[in-house]
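Beneath this line is the structure, given in structure tokens, with notes to follow.
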Amino acid sequence: QLQLVESGGGLVQPGGSLRLSCAASGFTLDYYVIGWFRQAPGKEREGVSCISSSEGSPYYVDSVKGRFTISRDNAKNTVYLQMNSLKAEDTAVYYCAADPRYTVQSLCVTTKAKYWGQGTQVTVSS
């Protein structure tokens with residue numbers, strides 16, 4: 001079975017930080033393009049950051065550049081999203097996803113992937 005499980009969400013004040021984790025089982029993440037996506041109530045799903053072992057640089061949506069960092073630990077088969085300087089508009093359910101064929105930009109822009117996790121809630125509020 002192929003599974004992705006997100007963790008690390010929670011409630012944080014504006015300006016705070018969170019680190020999200022996406023643990024994979026049933027397949028090896030470094031053979032896939034991996035992305036973090038988010039969806040707020042009433043809004044479309046948005047690609048936040050995507051990473052691939054075969055490309056030189058990850059992709060970040062403009063609104064998170066300089067604040068978020070995506071990384072991977074192959075030994076743990078896990079991808080992380082470090083989120084700093086959080087803003088209220090970052091509030092959403094965050095999902096990780098994996099696809100075997102997309103580039104990092106195309107995965108994040110199309111928001112289409114073969115495998116999806118169930119999501120973790122991030123709330124930024126005073």
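On a predicted model such as this, the values are computed, not experimentally measured, just so you know. The basis for the numbers below is simple: all heavy atoms, side chains too, and nothing from hydrogens, waters or symmetry mates.
We find the CG-CD1 distance between Leu20 and Ile70 to be 10.5 Å, quoted to the nearest 0.5 Å. Atoms CG and SG, from Leu29 and Cys96 in turn, are 8.0 Å apart once rounded to the nearest 0.5 Å. The structure places CH2 of Trp36 at 10.0 Å from OG of Ser49, a figure rounded to the nearest 0.5 Å. The NZ atom of Lys65 sits 12.5 Å away from the CZ atom of Arg67 when rounded to the nearest 0.5 Å. Taken from OH in Tyr95 to CZ in Phe37, the straight-line distance is 12.0 Å, to the nearest 0.5 Å. In this structure, Arg38 CZ and Gln121 CD are separated by 12.0 Å, a value rounded to the nearest 0.5 Å.
Annotation: cation-pi geometry satisfied between Arg45 and Trp116 (NZ/CZ under 6.0 angstrom from ring centroid, within 45° of ring axis).
A side-chain donor from one of Ser52 and Ser54 sits under 3.5 Å from a side-chain acceptor of the other. Using modelled atom types and a 3.5 Å distance limit, the side chains of Ser17 and Asn84 yield a donor-acceptor pair.
Between the side chain of Thr111 and the backbone N or O of Cys108, no donor-acceptor pair lies under 3.5 Å. In terms of modelled atom types and a separation under 3.5 Å, the side chain of Asn77 and the main chain of Ala24 share a donor-acceptor contact. Looking at Thr110, its side chain does come within 3.5 Å of a backbone N or O of Ser106 through a donor-acceptor pair. With Gln105 contributing its side chain and Val109 its backbone, the two residues share no donor-acceptor pair below 3.5 Å. Side-chain atoms of Glu6 come within 3.5 Å of backbone atoms of Gln118 as a donor-acceptor pair (strictly under, hydrogens ignored).
The two residues Val61 and Gly47 come nearest to each other via the heavy atoms CB-O, 3.4 Å. Closest non-hydrogen pair, Ser57 versus Val104, comes out as O-CG2, 3.9 Å. Pro14 approaches Ser126 most closely through the heavy-atom pair CD-OG, 3.6 Å. Annotation for Gly35 and Leu107: closest pair N-CD2, 3.9 Å, computed over non-hydrogen atoms. Here the shortest heavy-atom pairing between Ala40 and Ala92 reads N-CB, 3.9 Å. Contact detail for Thr120 and Gly9: the closest heavy-atom pair is OG1-N, 3.2 Å.
Under the 4.5 Å side-chain heavy-atom criterion for grouping Ile, Leu, Val, Met, Phe, Trp and Tyr, Met83 is connected to Val124 within one hydrophobic cluster. The same ILVMFWY cluster, assembled from side-chain heavy atoms under 4.5 Å apart, contains both Ile51 and Leu18. Under the 4.5 Å side-chain heavy-atom criterion for grouping Ile, Leu, Val, Met, Phe, Trp and Tyr, Val93 is not connected to Tyr80 through any hydrophobic cluster. Hydrophobic clustering of Ile, Leu, Val, Met, Phe, Trp and Tyr side chains at less than 4.5 Å, counting indirect connections, unites Val122 with Val64. Both Tyr31 and Leu4 are members of a single hydrophobic cluster when ILVMFWY side chains are connected at heavy-atom separations under 4.5 Å.
A centroid separation of less than 6.0 Å is found between the aromatic rings of Tyr32 and Phe27.
Looking only at side-chain heavy atoms (C-beta outward), Cys50 and Pro58 stay at 4.5 Å or farther from each other. The side-chain heavy atoms of Tyr115 and Gln3, taken from C-beta on, include no pair separated by under 4.5 Å. Here the side chains of Tyr59 and Thr103 are not in contact, with every heavy-atom distance at 4.5 Å or above. Side-chain contact between Ser21 and Lys76 is absent, with no heavy-atom pair separated by less than 4.5 Å. Using a 4.5 Å cut-off on side-chain heavy atoms (C-beta onward), Lys114 and Pro100 make contact.
Heavy-atom contacts from other residues, nucleotides or ligands closer than 6.0 Å to CD of Glu89 number more than 12. Applying the 6.0 Å contact sphere to CD of Gln82 captures more than 12 heavy atoms from other residues, nucleotides or ligands.
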